[in-house]
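Note sheet for the following structure.
Bear in mind the structure is a predicted one, so any value in this text is a computation, not a measurement.
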Amino acid sequence: MGAISSIDVIALIFYIEVSMTKICFVCHGNICRSPMAEFIMKKLVKEAGKEKEFYIQSRATHTDEIWNGIGNHIYPPAQSELKKNNIPFDENKRACLLTKSDVDRFDLFIGMDSENVGYMRRILGENAEGKIKKLLDYSSGGDVYDPWYSDNFEVAYNNIYKGCKALLNKLYK
């Protein structure tokens with residue numbers, strides 16, 4: 001297999017920019033809820049045969065889990081919950097900080113709770129209006145349960161799964 005040319009890279013970037021729905025899931029530290037949402041949604045779009053239509057990532061609103069520019073891996077109990085539910089994930093995934101420049105990279109920013117949404121608005125600015133939503137607004141409303149304080153990752157997983165299913169249905173109505 002030969003090397004990838006710069007023309008191939010430009011074509012790929014253009015393809016992503018033009019034809020894919022770009023979703024960024026966001027939570028406080030990007031080690032529990034938002035990476036769970038990222039990988040749940042990736043599995044759901046793959047099962048729907050739509051994986052080539054989506055570009056899905058996740059970010060943090062705070063640097064708590066990012067040290068000297070290097071983010072922590074997905075929190076082990078979150079990994080366990082994904083494994084328990086047969087959700088494939090990248091074990092090398094590291095926390096990544098949401099930045100103002102992300103507003104031009106994504107079509108939709110999905111926060112896990114009201115506090116996340118407030119920080120997202122502050123970070124992304126006025127150009128993000130209409131792009132920022134809360135995950136459970138697509139289903140039952142309210143905030144995704146935060147397992148960081150209770151260690152109950154099953155409840156968070158169920159909230160996220162339900163929200164991702166509803167989001168995917170909404171995008172294909």
Query raised in the report: Given side chains that start at C-beta, do those of I31 and W148 come closer than 4.5 Å, heavy atoms only?
Result: yes

Requested in this report: Please collect all salt bridge (Lys or Arg N to Asp or Glu O under 4.0 Å) contacts where either partner lies in residues 58-71, sequence neighbours excluded, each pair once.
Outcome: R59-D102

Report summary line: Output for pair (I74 CD1, E91 CD), nearest 0.5 Å, gives 8.5 Å

Report task. Please round to the nearest 0.5 Å and tell me the distance separating atom CG of L167 and atom NZ of K162. Result -> 14.0 Å

Query raised in the report: So, do N72 and W67 sit near enough that their side-chain heavy atoms are less than 4.5 Å apart?
Result: yes

Report task. Please list, chain by chain and in numerical order, all residues satisfying salt bridge (Lys or Arg N to Asp or Glu O under 4.0 Å) with K134, sequence neighbours excluded. Result -> D143

Requested in this report: Decide yes or no for M36 and L82: does some side-chain heavy atom of the first lie under 4.5 Å from some side-chain heavy atom of the second?
Outcome: yes

Requested in this report: State which residues pass side chain to side chain donor-acceptor pair (under 3.5 Å) with N85; sequence neighbours excluded, sorted by chain then number.
Outcome: E81

Requested in this report: For S101, check side chain to side chain donor-acceptor pair (under 3.5 Å) against everything at least two apart and list the hits.
Outcome: T99, R105

Query raised in the report: Rounded to the nearest 0.5 Å, how far does SG of C96 lie from CG of N30?
Result: 7.0 Å

Report summary line: Taken to the nearest 0.5 Å, the spacing of H73 NE2 from D90 CG works out to 9.5 Å

Report task. State, with a plain yes or no, whether a side-chain heavy atom of Y138 is found less than 4.5 Å away from one of L168. Result -> no

Report summary line: Heavy-atom nearest pair, M112 first then I110, reads CE-O, 3.6 Å

Query raised in the report: Would you say C32 and F153 make side-chain contact, with heavy atoms under 4.5 Å?
Result: yes

Report summary line: Hits for salt bridge (Lys or Arg N to Asp or Glu O under 4.0 Å) against E154, two or more places apart or cross-chain, chain-then-number order -> K84

Query raised in the report: Once you round to the nearest 0.5 Å, how far does OG of S139 lie from CD1 of I160?
Result: 11.0 Å

Report summary line: For K100, the side-chain contact (heavy atoms from CB on, under 4.5 Å) test, sequence neighbours excluded, returns none

Query raised in the report: Quick one: are Y75 and P147 in side-chain contact, heavy atoms under 4.5 Å?
Result: no

Query raised in the report: Is there side-chain contact between L108 and T21, with heavy atoms separated by less than 4.5 Å?
Result: no

Report task. Among residues two or more places apart or on two chains, list those pairs meeting salt bridge (Lys or Arg N to Asp or Glu O under 4.0 Å) that have a residue in residues 27-45. Result -> R33-D113, R33-D146, E38-K42, E38-K93, K43-E47

Requested in this report: Report, as yes or no, whether the 6.0 Å neighbourhood of atom NZ on K165 holds more than 12 heavy atoms from other residues, nucleotides or ligands.
Outcome: no

Report summary line: Contacts satisfying ring pair (Phe, Tyr, Trp, His ring centres under 6.0 Å) that involve residues 81-103 (not counting sequence neighbours) are none

Query raised in the report: More than 12 foreign heavy atoms under 6.0 Å from NZ of K83: is that the case here?
Result: yes

Requested in this report: Please report the C-alpha distance between Y145 and N158 in whole Å, then the side-chain angles of each, then the deciding distance to 0.1 Å, and finally whether the side-chain contact (heavy atoms from CB on, under 4.5 Å) criterion is met.
Outcome: CA-CA 9 Å; Y145 183 79; N158 290 334; over 6 Å; no

Query - Where V26 and T61 come nearest, the two heavy atoms and their spacing - result: CG1-CG2, 3.4 Å

**Report entry** Qualifying ring pair (Phe, Tyr, Trp, His ring centres under 6.0 Å) pairs with a residue from residues 19-47, counting only residues at least two apart or across chains
**Finding:** H28-H62

Report task. List in chain and number order the residues that pass ring-ring contact (aromatic ring centres under 6.0 Å, His included) with F109, two or more places apart in sequence or in another chain; answer none if no residue qualifies. Result -> F106

Query raised in the report: Please, which pairs that meet side chain to side chain donor-acceptor pair (under 3.5 Å) have at least one residue in residues 119-130, sequence neighbours excluded?
Result: none

**Report entry** Approximate separation, where rounding is to 0.5 Å, of L98 CG and C27 SG
**Finding:** 11.0 Å

Report summary line: Between L135 and C164 the two heavy atoms that sit nearest each other are CD1-N, 3.8 Å

Query - Any side-chain heavy-atom pair of I23 and L171 under 4.5 Å - result: yes

Query raised in the report: Residues sharing I66's hydrophobic cluster, by side-chain heavy-atom contacts under 4.5 Å among ILVMFWY, directly or via others?
Result: L97

